[in-house]
Amino acid sequence: MKNVKGFKCVGCGSEHRKVAGRMQYACPSCGGNLQVVYDYKKIKRSLGGRLGLEKNRDLSVWRYAPLLPLAGTRFAPPVHIGWTPLYRSRCLGRELGLKELYIKDDGRNPSASFKDRAGAVVVAHALERGERLVCGASTGNAASSLACLSSAMGLKTVIFVPLTAPQAKIAQLLVFGSCVVMVRGTYDQAFDLCLKATEQYGWYNRNTGFNPFTREGKKTCAFELVEQLGWKCPDIVFVPVGDGNIISGVWKGFMDFKVLGLIDRLPRLVAVQSGESDAVKRAFEADGVIRAVSGNTLADSISVSLPRDGAAAVQALRESGGFAVGVTDGEVLEAMKKLARTEGGFAEPAAAAAVAGLQKAVAGGKVGPRERAVVLVTGNGLKDVAGAMRAVNEPWVIDPDVADLKKLVEEERWQA
Ligand SMILES: *Cc1c(COP(=O)(O)O)cnc(C)c1O
Ligand SMILES: [Zn+2]
C-alpha cells in the first residue's frame, strides 16, 4: 500500500485516509464502494515514465506494481497473470467495415478469465496482511481465479456460488481445493451470504466491488492495451458488464495513465449487457441510480440482478462519453461462432456478448470506420461447454465403415 493515500467513495464522494493495518471495504459514511486514491508523484518516480516501462522485462500484471495497492510483489502467485495477447483482427474487422479492430484475449490467463487480474492483487494483499483465509462470492470465474491463485500460496478459500454455475468452473474450484458452498439461489444471494460470513467470522472478503482492490487489479488491462498499441490509446473499448467492476477498472486504468502523463487522451467505453440482465444500462440511460432487475441469461458471468459496482460503472460510461448496448442470448451464441470462425477465438458466453455488442453498435452506426476499436474477450469458451453446445449443431455419428463415410460425404456434398 506504499503508494496509496487513501480512499474516495464512489457513492458520496467522501474521502478517507488509509489506516495502517485496517482493511477498508465499503465507505464508512454511506456504504458505497471505495476508489483507491494514489500518490501519483511517488508512482511517477518509481515507474520512470514510458521509458521505464519499455525497459521493464516483466510481461505480466506485476510490471505495474507501483500502480497497485501493495507493498511489493513478494506474494505474487507462481502462475503468469496478464499481458494477454492483443490480436489485430483481419476478418471480423473487415466484415464490420472497421479499419482497426483488436481483440484482447483474457481467456489466456491461468484460470482462463479476466478475473485473474483481480485475484492477483487481492491474494497478494491478503497475504501481505497475514490473512490465512479468503472468502468470496462469484458467478464462477472470480471464484475459480481466487482458488487458482490462493491454493498455490497456501491461502485457504471459502467460495459461495449459485447452484447454476457451469460445471467447468465448479470443477476448477474443487481441483484447486476450495471449500465450495453452492447456494440454492442467485449470485446476488450468494454475494450477500458471503458478506455475512465476513461479519460473522472476520474472514478476508474478495467480493467484487466491495473489496476496493478488485478494480485495481482489473485496471491493468487498460495499461496493457496502451502499451501493446505502442502508446496509442484506443478510441472505443467494448466491455461485457455484469457487476460493472471490469468496466470501472478499465476506466481507472486509462485515468491513471492519463494522470501520469503516459497518454494524452481517453477512449469511449461501451458497456455490453444481456438485455435480460441490464441494470447498468438502465441506470446509465435514466437517472444513474442502480435498481435491481430480475433477469437471467445464459451468459452466466454477466447474469447479475443488482450490479455490485454499478455506480462506478455508470460513472465510467458518463466520464468516457460512452454508451451501453443490450444483447440477446441468441445474439451471444451467434457472436460466439462468429469470433471462433473469423478469428480463431473461443469465448465463453459473457465474453461473446462483447462481440455481439460490437456488432450491434456498428450496425447502429455508433462506431466510426476509422476508430481504433478493442473488444475484451474476458473468458475462455471451455469454461462453459454446455453453453457453447447451444450455439452449434450435433456432430454426425456413423459406424467405423468407409461405406458409411461415403454416404455422408455425398449427402453433405463435402468437397475440398
Ligand atoms: C466477471 C465477468 C464479466 C463481467 O465483469 P463485471 O465486473 O462483473 O462487470 C464478464 N465476462 C467474464 C468472462 C467474467 O468472468
Ligand atoms: Zn460514501
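Indexing begins at 1, ligand by ligand and atom by atom, following the structure's order. The structure presented is a predicted model; accordingly, all values stated were derived computationally and were not measured.
Side-chain contact, Thr84 with Arg108: no donor N or O sits under 3.5 Å from an acceptor N or O. Side-chain contact, Asp116 with Ser145: a donor N or O sits under 3.5 Å from an acceptor N or O. Under the 3.5 Å distance criterion, with hydrogens and angles disregarded, a donor-acceptor pair is assigned to the side chains of Lys383 and Ser144. With no hydrogens or angles considered, no side-chain donor-acceptor pair links Tyr187 and Asp300 at under 3.5 Å. Side-chain contact check for Tyr64 and Asp256: no donor-acceptor pair (N or O, by modelled atom type) lies under 3.5 Å. Ser301 and Glu348 form a side-chain donor-acceptor contact under 3.5 Å, judged by distance and modelled atom types alone. Side-chain polar atoms of Ser248 and Arg215 form a donor-acceptor pair below 3.5 angstrom.
Residue Val241 has no N or O atom closer than 3.5 Å to an N or O atom of ligand 1. Geometrically, ligand 1 and Thr208 share no nitrogen or oxygen pair separated by less than 3.5 Å. Considering backbone and side-chain atoms alike, Gly242 places an N or O below 3.5 Å from some N or O of ligand 1.
Heavy atoms of Lys383 found under 4.0 angstrom from ligand 1: none, in either backbone or side chain. Contact annotation: for Ile247 versus ligand 1, there are no heavy atoms closer than 4.0 Å.
Every heavy atom of Ala351 sits 4.0 Å or more from the atoms of ligand 1.
The protein non-hydrogen atom at the shortest distance from atom 8 (O) of ligand 1 is Asp243 N, 2.8 Å. Counting protein heavy atoms only, atom 3 (C) of ligand 1 is closest to Lys115 NZ, 3.5 Å. Ranking the protein heavy atoms by distance from atom 11 (N) of ligand 1 puts Thr378 OG1, 2.7 Å first.
Every atom of ligand 1 with a heavy atom of Asn141 under 4.0 Å away is listed here by number and element: 13 (C), 14 (C), 15 (O). In the vicinity of Lys218, heavy-atom distances shorter than 4.0 Å reach the ligand 1 atoms 7 (O). Atom numbering of ligand 1 starts at 1 in the shown order; those under 4.0 Å from a heavy atom of Gly379 are 13 (C). Each of the following atoms of ligand 1 lies closer than 4.0 Å to a heavy atom of Asn245: 6 (P), 7 (O), 9 (O). Listed by number with element, the atoms of ligand 1 under 4.0 Å from a non-hydrogen atom of Ile302 are 3 (C), 4 (C), 10 (C).
Proximity of Glu371 to Leu98: side-chain heavy atoms (C-beta onward) are nowhere separated by under 4.5 Å.
For the pair SG of Cys30 and SG of Cys27, the angle whose vertex sits at the Zn ion (ligand 2) is 120° to 10 degrees.
Test Arg94, Arg370, Arg372 against Glu100 for salt bridge (Lys or Arg N to Asp or Glu O under 4.0 Å) and you get one pass: Arg372.
Listed for the Ser277 side chain is no donor-acceptor partner under 3.5 Å among the backbone atoms of Gln273.
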